[in-house]
Structure formats: C-alpha cells, structure tokens
Amino acid sequence: AQKVTQAQTEISVVEKEDVTLDCVYETRDTTYYLFWYKQPPSGELVFLIRRNSFDEQNEISGRYSWNFQKSTSSFNFTITASQVVDSAVYFCALSYNNNDMRFGAGTRLTVKP
Amino acid sequence: EAGVTQFPSHSVIEKGQTVTLRCDPISGHDNLYWYRRVMGKEIKFLLHFVKESKQDESGMPNNRFLAERTGGTYSTLKVQPAELEDSGVYFCASSQWRLAGLNEQFFGPGTRLTVL
C-alpha cells in the first residue's frame with residue numbers, strides 16, 4: 001500500500017527560526033517519486049520539489065532544503081530563517097504510477113512576526 | 001501561459017441539491033485529474049482522464065459523483081445529490097502526455113464546496 005504520513009498537523013514558529021516539516025512514506029514500489037507542495041492562503045497548490053527514488057542526494061534551494069532518506073522512508077523539508085510569507089499548508093506526496101498522487105494530510109505552518 | 005482554472009471558487013448548497021464543478025486544464029495537456037480534500041485530511045485522488053477517456057476512476061467515492069470531459073478539453077465534476085460529507089476542497093490538475101517518465105501535474109486553485 002502507498003501511504004504518506006505527515007505527523008505534524010500544525011507548527012507555529014517565530015520569524016527567523018528554522019523549522020522542519022516531517023514526511024514519512026510507505027510504498028512497495030522500487031521506483032517512485034516524492035513531492036512537496038505549498039498551499040498558501042490563496043488556495044492553489046504550488047509545486048516545490050520532486051525527487052525520484054534513485055536520487056537520494058539532498059537538495060537546497062535558497063532557504064529551503066530537503067532531506068531524502070530511503071533507509072527511514074522519510075523526505076523531510078526544512079525552512080531556514082523562516083519568514084511570515086512561508087505561512088501556508090505544506091503537503092508531501094508520493095507518486096508511483098506517474099498518475100495518481102498520494103498526499104499526506106498536510107502540515108499548517110504559521111510564522112509569526 | 002494560463003494555468004489550471006477552476007470554477008466556481010466557492011459553492012454553498014443544501015443537502016440533496018446538485019452542484020457542477022468545472023476545470024479548465026492548461027492548453028495542450030491531455031491528462032486531467034480530480035482530487036479532493038475533506039475536513040483537513042489528506043488530498044485524495046478521485047480520477048484521471050487522458051483526453052476524453054477515463055483512465056482511472058478508482059478514487060471516485062460513489063455513484064453520486066459523475067465526471068466528464070467531452071472533447072478532451074475542460075472537465076466537469078457533478079455531485080448529485082450532494083451529501084454533507086461531500087464538503088471539502090476539490091482540486092483539478094493537468095499534465096502533458098509523455099510516453100515514459102513523470103508527468104508533472106499543475107494544480108488549480110480548487111473549488112471549496114460546502115454542503116449544508
């Protein structure tokens with residue numbers, strides 16, 4: 001079965017703090033893709049990153065970084081020096097058949113000034 | 001280039017009524033997907049069109065839901081009759097067709113449906 005778990009329902013931090021959003025997945029497939037999406041208050045889902053199962057290299061993009069560890073089936077997302085504009089719901093997702101995506105329940109991040 | 005658009009952005013209806021949601025994918029995208037998020041839970045896959053054909057509708061909750069994509073362009077999702085548990089946000093996504101590899105999905109802003 002394919003499943004994505006985001007155990008943190010809500011996180012609240014103060015601006016400039018670092019914050020890590022956890023994502024744990026389950027799959028029997030050897031080839032799969034992992035995603036993070038951001039849902040700002042405007043409602044649309046904004047693509048942040050995609051990783052395939054054969055590429056465990058961690059990635060950094062500005063203040064965002066992702067830590068993919070197959071050994072623990074985790075794909076965690078860290079925001080460094082958080083800003084108020086980072087406030088949103090963040091979804092982790094898994095795709096195994098190139099079409100339907102399995103999402104986690106989302107983590108609501110609130111960054112206070 | 002215009003993104004995926006959805007109409008309406010919000011809909012409030014009473015139990016038993018009918019509602020039709022519309023999705024316009026990115027031009028040229030053969031794949032169209034419907035998802036929904038209910039009561040702050042995970043976003044769940046509903047179905048997938050390739051052009052006008054239903055490729056996978058395994059996520060459709062029951063026969064009160066009917067999705068169509070006539071002509072392979074825009075799609076509609078009709079809920080008839082609507083029940084309280086249908087309340088949630090309905091997302092549409094589209095992607096290009098590729099023979100192999102990942103089809104990156106672009107999401108619309110969603111339609112928030114409230115059934116009273």
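Labels below follow one simple rule: chain letters A, B, ... track the order of the sequence lines, proteins then strands, and each chain is numbered from 1. Quick caveat: nothing in here was measured; it's all calculated off a predicted structure.
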Atom of B:Phe107, atom of A:Leu45 and distance for their closest heavy-atom approach: CD2-CD1, 3.4 Å

Closest approach of A:Tyr37 to B:Gln105 (non-hydrogen atoms, all atoms of both residues): OH-O, 3.3 Å

Taking a hydrophobic cluster as the set of Ile, Leu, Val, Met, Phe, Trp and Tyr residues connected by side-chain heavy atoms closer than 4.5 Å, whether directly or through intermediates, do [X] and [Y] fall within one such cluster?
| X | Y | answer |
| --- | --- | --- |
| A:Leu48 | A:Val13 | yes |
| A:Leu94 | B:Leu46 | no |
| B:Met60 | B:Tyr90 | yes |
| B:Ile13 | B:Leu84 | yes |

More than 12 heavy atoms of other groups within 6.0 Å of B:Arg112 CZ: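 At most 12 heavy atoms, drawn from other residues, nucleotides or ligands, come within 6.0 Å of this atom.
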
Chain A contact via B:Phe91 - side chain, backbone, both or neither, heavy atoms under 4.5 Å: side chain

B:Arg37 versus chain A, the contacting section by heavy-atom distance below 4.5 Å: side chain

Distance (rounded to the nearest 0.5 Å) between A:Met101 CE and B:Tyr33 OH: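 These two atoms lie 9.0 Å from each other.
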
Proximal component of A:Gln39, with respect to chain B [non-hydrogen, under 4.5 Å]: side chain

